Amino acid sequence: NNVDNLPSKYDGGGLHRTTHPGAGAITYYHDFQTLASTDIPAGAEVFVSYGDDWFIARNDTLGDVPLQNDYIMADQITRAVKSYKDTYGHKTSSDANGQVMELVRNILDLEATSRVLQILPDTFDDV
């Protein structure tokens with residue numbers, strides 16, 4: 001993110017979102033403002049976060065999109081595996097090393113953390 005959203009007013013202008021033919025021609029968010037949280041050079045993209053709730057509300061449509069805490073957990077796991085790899089990876093067989101990520105993925109699968117599984121490195125060599 002390089003911008004923060006400020007509170008806005010939500011008003012459909014009397015148009016029903018799914019039945020009125022003009023509903024798609026207007027915005028429902030009036031006075032929507034963003035405030036740059038960092039300098040944005042000319043020609044750069046503006047990045048806005050919808051927040052975790054936006055993805056959770058659309059889970060049926062989008063599936064298990066990784067959320068902010070999932071990235072934090074995946075980063076912690078990857079750092080731990082990298083530490084093991086740097087310390088012991090050269091001392092163990094490639095078969096044993098390959099089983100490390102498989103073990104991590106199996107443990108996480110038991111915890112029903114599919115969002116984290118999506119963003120972890122696939123193999124020990126990818127760490």
Side-chain angles (χ1 to χ4, degrees):
N1 280 359
N2 54 8
V3 297
D4 295 316
N5 295 329
L6 302 176
S8 63
K9 300 173 192 166
Y10 185 86
D11 180 8
L15 306 178
H16 190 277
R17 191 175 183 136
T18 59
T19 60
H20 196 282
I26 66 165
T27 180
Y28 290 87
Y29 297 95
H30 300 279
D31 299 327
F32 185 79
Q33 299 176 26
T34 57
L35 180 66
S37 56
T38 62
D39 287 338
I40 304 172
E45 292 186 59
V46 175
F47 295 99
V48 178
S49 172
Y50 289 102
D52 288 351
D53 291 340
W54 190 89
F55 293 102
I56 291 169
R58 290 157 179 80
N59 196 60
D60 290 343
T61 307
L62 301 175
D64 288 334
V65 174
L67 306 174
Q68 183 175 359
N69 285 338
D70 300 318
Y71 282 98
I72 292 168
M73 179 184 271
D75 187 53
Q76 290 170 342
I77 292 167
T78 303
R79 287 176 192 265
V81 172
K82 181 164 179 5
S83 175
Y84 169 84
K85 181 180 179 180
D86 292 346
T87 305
Y88 304 107
H90 64 284
K91 298 177 184 177
T92 57
S93 70
S94 61
D95 185 48
N97 288 340
Q99 291 177 7
V100 169
M101 282 309 293
E102 184 178 341
L103 175 64
V104 168
R105 288 179 164 281
N106 287 338
I107 291 169
L108 287 172
D109 195 34
L110 293 174
E111 296 295 320
T113 51
S114 64
R115 287 181 163 104
V116 177
L117 288 171
Q118 292 179 49
I119 50 181
L120 280 176
D122 290 327
T123 67
F124 189 75
D125 291 333
D126 292 339
V127 174

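Everything numeric here is computed off the predicted structure, so don't read it as measured data. Because only heavy atoms are used, hydrogens play no part in the values below, and waters and symmetry mates are left out as well, while side chains stay in.
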Report the distance from atom [atom1] of [X] to atom [atom2] of [Y], rounding to the nearest 0.5 Å.
X    : Y    : atom1 : atom2 : answer
N59  : R115 : CG    : CZ    : 5.0 Å
K82  : T78  : NZ    : OG1   : 11.0 Å
D75  : L120 : CG    : CG    : 10.0 Å
F124 : L103 : CZ    : CG    : 12.0 Å
R79  : D86  : CZ    : CG    : 12.0 Å
N69  : D52  : CG    : CG    : 7.0 Å

Taking C-beta and beyond as the side chain, do [X] and [Y] meet within less than 4.5 Å on heavy atoms?
X    : Y    : value
Y84  : N97  : yes
L62  : W54  : yes
T123 : M101 : no

Quiz item: CD of Q118: more than 12 outside heavy atoms within 6.0 angstrom?
Solution: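 Enclosed: over 12 neighbouring heavy atoms sit under 6.0 Å from CD of Q118.
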Self-check item: Closest non-hydrogen atom pair, V116 against M73
Solution: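 Residues V116 and M73, closest heavy atoms: CG2-SD, 3.6 Å.
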Quiz item: Can you name the nearest heavy-atom pair linking L67 to D70, along with the distance?
Solution: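 It is N-OD2, 2.7 Å.
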Quiz item: If you group Ile, Leu, Val, Met, Phe, Trp and Tyr by side-chain heavy-atom gaps below 4.5 Å, do I119 and I77 land in one group?
Solution: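 Different clusters: I119 never reaches I77 through Ile, Leu, Val, Met, Phe, Trp or Tyr contacts under 4.5 Å.
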